[in-house]
Amino acid sequence: MTLSITLKNIRKSFNRRTILNGVNLQVHQGEIIGLLGPNGAGKSTLIKLMTGLLEPDSGEITILGQPLHKNKRELRKYLGIAPQSLAIYPQLTVKQNLTHFGAINGLSVEQLRTKYTKVLTTFNLTNLQNQRAINLSGGQKRRLHSAIALMSQAKIIFLDEPTVGADVDSRNQIIQSVKALSHQGITVIYTTHYLQEMEALNAQIIFLNHGVIQATGSVKSIVQQYAHPSLELYFGKSISDNVAGWQRSDDHLHLINSSPHQNYAEVLQAALSNPIVQKSQLINVKILRADLESAYHTLLEKSVNHEI
Ligand SMILES: Nc1ncnc2c1ncn2[C@@H]1O[C@H](COP(=O)(O)OP(=O)(O)OP(=O)(O)O)[C@@H](O)[C@H]1O
């Protein structure tokens with residue numbers, strides 16, 4: 001498989017604070033990479049480095065087989081970027097926005113025509129092409145914003161939280177669009193805090209934390225390695241004290257260190273006989289699935305405990 005992106009030992013600090021501390025990564029053509037990590041983990045910084053908007057302090061970035069720092073101008077035309085904040089012209093129509101950015105990105109008249117039709121279909125914007133951007137819904141604006149990144153010769157597209165503010169329908173349409181891009185051979189680097197989107201995309205997960213990649217693999221393998229079912233107890237009153245074996249939030253307890261073979265009936269019985277629990281008015285019991293969210297929490301817990 002052709003390599004789209006290679007990162008070798010990438011380091012980046014801001015004001016002497018290390019943000020990325022030796023990131024290594026290989027991304028293949030047509031892959032959907034789900035970049036995950038808590039707030040401030042360095043996901044946007046990594047995207048800025050891969051798109052040449054920032055320079056690494058050290059390390060090597062190769063895009064489509066060529067070193068980025070030596071061929072920035074040439075390579076940039078193959079990179080489509082939809083940053084977190086919306087960048088669309090509100091007074092222009094969908095069509096005018098797309099063709100304007102296509103022209104800026106150097107597409108010929110012929111390329112513009114072909115790309116335009118394809119992008120409209122991919123992002124389900126055909127019926128909206130003559131509407132002014134200002135009149136679009138939040139989710140439709142997001143779709144236009146992502147579509148603009150493709151009005152170029154992009155072979156790799158970076159979507160930084162593309163579904164923020166999108167309703168369920170628009171979110172699903174963005175997911176379908178991303179899958180379509182991957183089928184067209186376009187590599188997608190996708191960040192989100194909505195883990196169900198990663199599952200829907202069946203992305204290759206990169207979990208970034210404390211400046212390094214702490215886990216990587218398909219959704220299935222990450223779930224197999226790190227996820228396990230768990231229990232949560234919800235209360236009508238604040239929980240007054242810690243309960244051994246449970247993580248306490250204001251109104252709920254989350255079972256920690258649960259294992260796949262745990263007997264939940266026994267665990268629940270033990271919790272219910274605890275005086276702190278008895279005082280707090282239990283109102284709901286939730287069994288959590290062994291899914292990507294569970295794996296994500298395990299990874300966070302492990303990194304807090306310095307196990308990885
Ligand atoms: N130009 C900059 N100057 C100084 N510090 C910066 C700069 N850019 C980012 N940072 C810091 O680097 C850290 C990583 O930021 P970054 O935006 O990459 O995180 P993120 O993983 O994308 O977070 P989020 O999920 O909140 O979007 C943060 O602590 C941020 O404050």
Side-chain angles (χ1 to χ4, degrees), residues 5-25 27 31-61 63 68-69 72 76 79-88 138-139 141-142 145-146 148-149 156-166 171 174-175 178 187-201 203-217 219 222 226 291-304 306 308:
I5 306 174
T6 310
L7 303 182
K8 271 196 201 146
N9 212 9
I10 297 299
R11 291 175 198 277
K12 182 73 187 170
S13 299
F14 290 118
N15 310 322
R16 297 215 197 117
R17 194 159 65 90
T18 303
I19 305 299
L20 300 173
N21 193 15
V23 171
N24 293 292
L25 180 63
V27 181
E31 266 185 334
I32 302 174
I33 297 293
L35 199 47
L36 290 182
N39 290 128
K43 303 180 292 293
S44 298
T45 303
L46 195 59
I47 288 182
K48 285 179 191 157
L49 291 166
M50 290 190 272
T51 51
L53 296 172
L54 279 176
E55 291 284 332
D57 298 337
S58 63
E60 218 176 282
I61 302 175
I63 301 287
L68 180 61
H69 72 283
K72 214 179 253 184
R76 270 227 180 130
L79 306 176
I81 307 157
Q84 265 179 38
S85 41
L86 275 184
I88 55 179
K141 282 185 188 141
R142 276 277 147 202
H145 174 68
S146 298
I148 283 171
I156 306 171
I157 173 162
F158 296 84
L159 302 176
D160 201 352
E161 302 197 26
T163 55
V164 167
R171 187 172 288 181
I174 290 172
I175 300 286
V178 170
T187 307
V188 183
I189 313 292
Y190 191 100
T191 78
T192 185
H193 290 285
Y194 303 111
L195 300 177
Q196 296 95 327
E197 291 178 11
M198 297 298 184
E199 291 174 320
L201 287 168
Q204 282 295 315
I205 301 295
I206 305 289
F207 181 80
L208 192 66
N209 201 11
H210 298 306
V212 290
I213 294 175
Q214 292 190 330
T216 172
V219 170
I222 294 281
Y226 299 104
D291 57 9
L292 190 58
E293 186 164 349
S294 156
Y296 183 87
H297 287 299
T298 308
L299 283 163
L300 277 186
E301 277 169 29
K302 277 179 178 287
S303 67
V304 169
H306 302 291
I308 49 178

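Note that the numbering runs from 1 along the sequence shown for the chain. First listed ligand is number 1; within each ligand, the first listed atom is number 1. What you see is a predicted model, and the numbers here were worked out from it, not measured in a lab.
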_Atoms in ligand 1 flagged as close to Lys43, the criterion being non-hydrogen separation under 4.0 Å_ = 18 (O), 19 (O), 20 (P), 21 (O), 22 (O), 23 (O), 24 (P), 25 (O)
*side-chain contact (heavy atoms from CB on, under 4.5 Å) with Thr45: which of Leu53, Leu208, Leu20?*
Leu20
*asked:* For atom 3 (N) of ligand 1, what is the closest protein heavy atom, and at what distance to 0.1 Å?
replied: Phe14 CD2, 3.6 Å
_Nearest-contact summary for atom 13 (C) of ligand 1 - protein heavy atom, Å_ = Ile19 CD1, 3.6 Å
_Checking the side chain of Asp160 only, and the main-chain atoms of Ser44 only, is there a donor and an acceptor separated by less than 3.5 Å?_
no
*Distance to 0.1 Å, residue and atom name: give those for the protein heavy atom nearest to atom 17 (O) of ligand 1.*
Ser44 CB, 3.6 Å
*Quick check: does any side chain N or O of Thr298 sit under 3.5 Å from a backbone N or O of Tyr226, one acting as donor and the other as acceptor?*
yes
_Residue and atom name of the nearest protein heavy atom (relative to atom 15 (O) of ligand 1), distance in Å to one decimal_ = Thr45 OG1, 3.8 Å
*Between the side chain of Arg76 and the main-chain N/O of Thr51, is any donor-acceptor distance below 3.5 Å?*
yes
*Ignoring hydrogens and angles, tell me if any N or O in the side chain of Glu197 forms a donor-acceptor pair with the backbone of Thr192 under 3.5 Å.*
no
*Nearest-neighbour protein heavy atom for atom 30 (C) of ligand 1, which is reported as residue plus atom name and distance*: Arg17 NH2, 4.1 Å
*Check: His145 side chain, Pro83 main-chain N or O, donor-acceptor pair, under 3.5 Å*: yes
*Which residue supplies the protein heavy atom nearest to atom 26 (O) of ligand 1, what is that atom called, and how far is it?*
Asn39 ND2, 2.9 Å
*Give yes if a backbone or side-chain nitrogen or oxygen of His193 is under 3.5 Å from a nitrogen or oxygen of ligand 1, and no if not.*
yes
*Pull out every atom of ligand 1 sitting under 4.0 Å from any heavy atom of Glu161, numbered as shown with elements.*
27 (O)
_Ala41 N/O under 3.5 Å from ligand 1 N/O_ = yes
*Under a 4.0 Å N-O cut-off, is there an ion pair linking Glu55 with Lys72?*
yes
*Looking only at N/O atoms, are Gly40 and ligand 1 under 3.5 Å apart anywhere?*
yes
_Looking at ligand 1, would Gly42 count as a contact under a 4.0 Å heavy-atom criterion?_
yes
*asked:* Donor-acceptor pair, distance only, cut-off 3.5 Å: does the side chain of Thr191 make one with the backbone of Glu161?
replied: yes
*So, Lys43 side chain and Pro38 main chain: donor-acceptor pair closer than 3.5 Å or not?*
yes
_Numbered atoms of ligand 1 (with element) below 4.0 Å of Gln84, judged on heavy atoms_ = 27 (O)
